[in-house]
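For reference, positions follow the sequence shown, starting with 1. Order of listing sets the numbers, starting from 1, for every ligand and every atom in it. What you see below is based on every heavy atom in this structure, not just the backbone, and it leaves out hydrogens, waters and symmetry mates. Here the structure is a predicted model, which is why all the values come from computation and not from measurement.
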Amino acid sequence: MADCIFCKIIEGEIPSSKVYEDENMYAFRDIEPQAPVHVLIVPKKHITSLDGCSPEDAEILGKVMVKVKEIAEIAGITNGYRLVSNCGEDGFQTVEHIHFHLLGGRPMLWPPG
Ligand code: 5GP
Ligand code: ZN
């Protein structure tokens with residue numbers, strides 16, 4: 001998608017601090033970290049959100065899920081983490097390319113607020 005900031009990051013048109021990459025996904029440090037470790041895990045396919053995904057996306061989204069523990073380890077998380085995908089207006093999604101926030105390095109609050 002031409003005007004998508006995460007597509008541009010995946011293509012290297014916008015610089016980012018890479019944590020992990022393979023043919024399906026790209027993971028990089030959030031520019032405005034909300035925890036000592038804050039990584040964004042982004043499928044390379046432009047899917048808008050959890051609301052915007054379809055059954056054909058199940059394989060790639062599954063591949064992202066089973067890779068999370070490895071990305072957490074690479075990012076230096078050693079004591080657990082939280083994985084979040086904000087969706088839509090009430091979910092406070094600001095970038096319309098599906099992504100998973102990997103947060104760690106401190107105890108997380110629950111309920112999240
Ligand atoms: P959302 O609000 O959609 O759940 O998450 C978008 C995230 O992308 C935010 O945490 C925001 O800080 C991050 N972000 C937005 N623009 C950039 C950027 O250009 N580079 C990086 N590394 N992160 C970004
Ligand atoms: Zn995109």
Inset, instruction - Kindly indicate, with the supporting measurements, whether the criterion salt bridge (Lys or Arg N to Asp or Glu O under 4.0 Å) is fulfilled by K63 and E59. - result: CA-CA 6 Å; K63 283 180 174 168; E59 190 179 346; 3.2 Å; yes
Inset, instruction - Report the C-alpha distance between F100 and V64 in whole Å, list the side-chain angles of each, state the deciding distance to 0.1 Å, and finish with yes or no for side-chain contact (heavy atoms from CB on, under 4.5 Å). - result: CA-CA 9 Å; F100 299 90; V64 169; 4.0 Å; yes
Inset, instruction - Starting from the C-alpha separation in whole Å, work towards a yes-or-no answer on salt bridge (Lys or Arg N to Asp or Glu O under 4.0 Å) for E11 and K44. - result: CA-CA 9 Å; E11 292 301 322; K44 288 186 172 175; over 6 Å; no
Inset, instruction - Please step through side-chain contact (heavy atoms from CB on, under 4.5 Å) for the pair I71 and I77, ending with a clear verdict. - result: CA-CA 9 Å; I71 296 172; I77 295 173; over 6 Å; no
Inset, instruction - Go through the steps to decide whether F6 and L40 satisfy the test side-chain contact (heavy atoms from CB on, under 4.5 Å), and finish with yes or no. - result: CA-CA 10 Å; F6 284 177; L40 297 171; 3.8 Å; yes
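If you look at ligand 1, the protein residues with a non-hydrogen atom under 4.0 Å away are I5, F6, I9, F28, R29, D30, I31, E32, L40, N86, F92, Q93, T94, V95, H99, H101.
Ring centroids of H101 and H99 are separated by less than 6.0 Å, placing the two rings close together.
In E21, the CD atom is crowded: over 12 heavy atoms of neighbouring residues, nucleotides or ligands sit closer than 6.0 Å. Residue N79 places its CG atom among 12 or fewer non-hydrogen atoms of other residues, nucleotides or ligands, all under 6.0 Å distant.
Residue L50 comes nearest to C53 through the heavy atom pair O-SG, 3.2 Å, listed as atom of the first residue, atom of the second, then distance.
With a cut-off of 2.8 Å, the protein N/O/S atoms near the Zn ion (ligand 2) add up to 4.
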